[in-house]
Every structure is written in structure tokens, then in C-alpha cells.
Asker: 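Let me give you the structure first, and then I'll get to my questions.
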Amino acid sequence: MPELPEVEVTRRGIAPDLVGRRLASADFRVPALRYPLPHEERSQFVGRRLVSITRRGKYLLLDFGSGHLLIHLGMSGSLRLVPALTPPDKHDHVDLVFGRTALRLRDPRRFGAMRWIEGDPMQHPLMAVLGMEPLTADFTAAWLKAQLQGLKAPIKPTLMDGHRLVGVGNIYASESLFRARIDPRTPAGKISLQRLERLVPVIKATLTAAIEAGGSSLRDFIQSDGSSGYFQQQYFVYGRTGKPCRVCGRPIRELRQGQRATFHCPHCQR
DNA sequence: CTGGTCACCTGGAAGC
DNA sequence: TGCTTCCAGGTGACCA
């Protein structure tokens, strides 16, 4: 599930319980996720106090003063707070134990990542290549127009390219383009400034609404029963192939762009 | 640089 | 019922 809103909701869900507390131990039950887990660097952060948890794109950065622990949830990752010593399930790969509470990483597909970064985390190769944060004032139609200049690739996969714009994944790319009434197949460089002035606020609003919807389920992060902590969203197009468009009633269509499913309403999006 | 494809990994759903 | 195939919210590597 983790696109920007889910990562941000996770951050808000776990930060109040963890910030300011000392990391007592770190248990790694698999050797690697996307990258080898930070076994050797463990001594660098065990015993340290957690200063803050911030987000950059879909990454979480846990600041331990002497360095940052970077966490990415991949396709199937989730973080929950559980009472320490809670027996792990099959895909509970990492526990960061803070006193009586453990931050538990579950990730069945293991596309997620956890890395220890020393120095300025934004200089790290994984961070330095990241694009614009969509929920900032710098993300404007004029900026996006310049970014898309000359690009022939379709707008939908282009919006999902984290080297240009971070946080917008497969769900919110389809949803945002529907709300902005833009056909996902439109060559990115051909979209007028006028239409981008519609798209940019829509992306901000779509992500913000999803974060706010997740806020109501924040308490799930401190449940120990394994409930997901994520929220169900009322989507306009995502996963609604063949179902009536919520605006015009015509069937939602599905197509594939870059091996990913795209959902759209051919009547409403042009 | 751009644009396209593949790989990583597991599990659930759909198809036969 | 049981086996096979396809698909899933991300992204880095690789190629032309």
C-alpha cells in the first residue's frame, strides 16, 4: 500500500510513541530486504535516543543523532508498534525495541529497504536522486511544465517517476489524473500550462485527503493484532475496471503502461 | 538524456 | 479439489 499518504500516516502513527526514547535492541530475522540489513552498523544506533522521524518521498528517516536509519516499505511493507516480546509472524523481519514497545517491520515481498546512513542523509545516493516533494509550495504548475518540457512519454508513468516527483504511486497517479480530467496516455510534454494548473492542486488535494483519511486509523499502529493500519479509500477509478464512472456512469477502462495497470474514464479524461 | 523492459519476492485470486 | 497462471501499492539496473 505504501505511497506517500500511507508512509506519512505511518510516520504520524509511530512518531509520538518513539521519539525521545532509547533504542534498546534491534532484531533482524532475515539477512536482507532489497539490500543487506544493517547488521554490522547495528552498534551505531543501538543505545541511541531517537531524535525525530521525518519523511522524504516514500522513505522514512529515523534520526538517531549519530546517523539516520532509512526505511522504505516497498510494495508490501508495513510498520506497527507491538509490545516487546510479541512473537513474530512469518514475515515480521525486523524489530526495533524501544523499552516496552517494539517497532515491527513486516514485508512479505521484501522489496522494502532499511539502511544506516552517516552524515547528511540527503547526500546519500538513494536520497540525492529524489525529485520534488508534492506537498510543498515549490511544487507548482510552472515547475511541472518545465519538467515535462519535450517529454513524449505518457503523463501517468511520468508522474510516478520518483526522480522528478516523489510520492505519487500507481493508485494516486490514476486518481489524480481522473480528478484533473487528463487522459493518462497524453504525452507529458504536450499538456498545456492551463491543464497543469488544474493537475498540480489536484495532486496535492488527493494526497492530503488520503493522509487525512488515514488519520482516523492512526490508532491501528499501536494495535498488536496485526490489523493493517492502513485505510480503505473511496477510489474514483483505481481497481474499478468495468464499473460505472462515478461522474458520468460510463465504464471505467483499464490499460497497461510500463507493466502497471492504469485506470481511467475515456469520457471524463481527454 | 529519454524511453522501454526486466528483476527482485511472496501470496492471494482467478482460471482451468 | 488441485494445479497453473497472473497479478499486486516500488524502484534500481540495464539496454537501445
Side-chain angles (χ1 to χ4, degrees), chain A residues 1-11 29-37 55-60 70-79 88-94 105-115 124-132 134 146-178 184-190 203 206-207 209-211 213-214 217 220 226 228-242 254-263:
Chain A
M1 292 208 181
E3 296 185 33
L4 184 151
E6 292 76 15
V7 176
E8 177 62 21
V9 167
T10 297
R11 190 188 69 78
R29 288 180 284 266
V30 292
L33 298 174
R34 169 184 274 278
Y35 310 110
L37 285 166
R55 180 191 57 73
R56 174 78 172 98
K58 297 168 188 164
Y59 289 90
L60 290 174
L70 173 154
I71 300 176
H72 194 289
L73 298 176
M75 294 275 267
S76 59
S78 62
L79 288 167
D89 281 340
K90 187 174 180 184
H91 300 293
D92 292 340
H93 302 312
V94 179
L105 174 67
R106 173 177 298 181
D107 187 1
R109 290 176 74 183
R110 287 186 267 131
F111 287 170
M114 190 175 275
R115 306 208 96 175
H124 187 278
L126 288 174
M127 299 283 100
V129 298
L130 295 181
M132 176 70 76
Q147 274 295 304
L148 303 183
Q149 200 64 43
L151 297 188
K152 291 171 181 164
I155 182 63
K156 191 260 192 173
T158 302
L159 281 183
M160 293 169 62
D161 180 358
H163 301 111
R164 301 179 187 281
L165 177 69
V166 295
V168 178
N170 206 36
I171 293 177
Y172 297 112
S174 281
E175 291 296 307
S176 296
L177 288 168
F178 174 83
R185 298 164 293 189
T186 312
K190 289 204 163 176
I203 290 172
T206 302
L207 296 175
I211 291 170
S217 66
D220 290 346
S228 73
Y230 293 121
F231 46 93
Q232 293 301 313
Q233 181 98 0
Q234 180 84 315
Y235 298 130
F236 280 103
V237 291
Y238 185 82
R240 299 194 65 248
T241 308
E254 176 176 350
L255 50 94
R256 301 202 76 79
Q257 295 178 300
Q259 345 261 80
R260 312 298 300 278
T262 296
F263 303 89

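As a basis for the values below, the full set of heavy atoms in this structure was taken, side chains included, without hydrogen atoms, waters or symmetry mates. Order of the sequence lines fixes the chain letters, A, B, ..., with proteins taken first and strands second; residue numbering starts at 1 for each chain.
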Asker: Using salt bridge (Lys or Arg N to Asp or Glu O under 4.0 Å) as the criterion, list what pairs up with A/Asp161, not counting sequence neighbours.
Answerer: A/Arg164
Asker: Would you say A/Tyr35 and A/Leu126 make side-chain contact, with heavy atoms under 4.5 Å?
Answerer: yes
Asker: Rounded to whole Å, please give me the gap between CZ in A/Arg109 and C1' in C/dA8.
Answerer: 5 Å
Asker: Can you tabulate the close N/O pairs, meaning under 3.5 Å, that link protein atoms to atoms of nucleotides 12-16 of chain C?
Answerer:
{"unit_1": "C/dG12", "atom_1": "OP1", "unit_2": "A/Tyr59", "atom_2": "OH", "d": "3.2"}
{"unit_1": "C/dG12", "atom_1": "OP2", "unit_2": "A/His163", "atom_2": "NE2", "d": "3.4"}

Asker: For A/Pro88, enumerate each residue passing the side-chain contact (heavy atoms from CB on, under 4.5 Å) test, keeping only those at least two apart in sequence or located in another chain.
Answerer: A/Arg29, A/Asp92, A/Arg104
Asker: Would a 4.5 Å heavy-atom cut-off, applied to side chains only, mark A/Leu73 and A/Leu105 as touching?
Answerer: yes
Asker: Counting a pair only when it is Watson-Crick or G-U and both distances are under 3.5 Å, which runs of at least 3 such pairs involve DNA chain C?
Answerer: B:2-8 with C:10-16, B:10-16 with C:2-8
Asker: Please name all residues satisfying side-chain hydrogen bond (donor to acceptor under 3.5 Å, both in side chains) with A/Arg260, sequence neighbours left out, ordered by chain then number.
Answerer: none
Asker: According to side-chain hydrogen bond (donor to acceptor under 3.5 Å, both in side chains), who are the partners of A/Arg55, at least two apart in sequence or on a separate chain?
Answerer: A/Glu8, A/Glu133
Asker: With nearest nucleotide decided by heavy atoms, which residue, A/Lys152 or A/Lys90, maps closer to the 5′ end of DNA chain B?
Answerer: A/Lys152
Asker: Give a yes or no on whether the backbone of A/Glu3 and the side-chain of A/Glu6 come within a donor-acceptor separation of less than 3.5 Å.
Answerer: yes
Asker: Give me the distance, rounded to whole Å, that separates C/dT11 from B/dG11 when you measure between the P atoms they each carry.
Answerer: 22 Å
Asker: Short of 4.0 Å, heavy atom to strand atom, which residues of residues 254-263 of chain A count as contacting DNA chain B?
Answerer: A/Gln259
Asker: For A/Ala153, give me all partners under side-chain contact (heavy atoms from CB on, under 4.5 Å), at least two apart in sequence or on another chain.
Answerer: A/Thr158
Asker: Between A/Gly131 and A/Val166, what is the shortest heavy-atom contact and its length?
Answerer: N-CG1, 3.4 Å
Asker: Expressed as a whole number of angstroms, how long is the span from A/Arg110:CZ to C/dG10:C1'?
Answerer: 16 Å
Asker: What are the 5'-most and 3'-most nucleotides of DNA chain B lying under 4.0 Å from any heavy atom of chain A?
Answerer: B/dT2 to B/dG11
Asker: Residues in side-chain hydrogen bond (donor to acceptor under 3.5 Å, both in side chains) with A/Thr262, at least two apart?
Answerer: A/Lys156, A/Gln257
Asker: NA contact type, A/Gly169, heavy-atom cut-off 4.0 Å: base, sugar-phosphate, or nothing?
Answerer: sugar-phosphate
Asker: Within a strict 4.5 Å, meaning less than it, do heavy atoms of the A/Met127 and A/Leu70 side chains meet?
Answerer: yes
Asker: Take atom CG of A/Asn170 and atom C1' of C/dG10, then tell me their distance rounded to the nearest Å.
Answerer: 10 Å
Asker: Holding to ring pair (Phe, Tyr, Trp, His ring centres under 6.0 Å), I want the full list of residues that pass it with A/Phe111, two or more places apart in sequence or in another chain.
Answerer: none
Asker: Report the residues that fulfil side-chain contact (heavy atoms from CB on, under 4.5 Å) with A/Ala261, sequence neighbours left out, ordered by chain and then residue number.
Answerer: A/Glu254, A/Arg256, A/Phe263
Asker: Side-chain N or O of A/Tyr238 versus OP1/OP2 of C/dG9: is the shortest distance under 4.0 Å?
Answerer: yes
Asker: Closer to the 5' end of DNA chain B via nearest nucleotide, is it A/Arg164 or A/His91?
Answerer: A/Arg164
Asker: Backbone N or O of A/Asp89 within a donor-acceptor pair of the A/Arg106 side chain at under 3.5 Å?
Answerer: no
Asker: Measure from NE2 on A/His72 to P on C/dG9 and round the result to the nearest Å.
Answerer: 14 Å
Asker: Can you tell me how far P in C/dG9 sits from the matching atom in B/dG3, rounded to whole Å?
Answerer: 22 Å
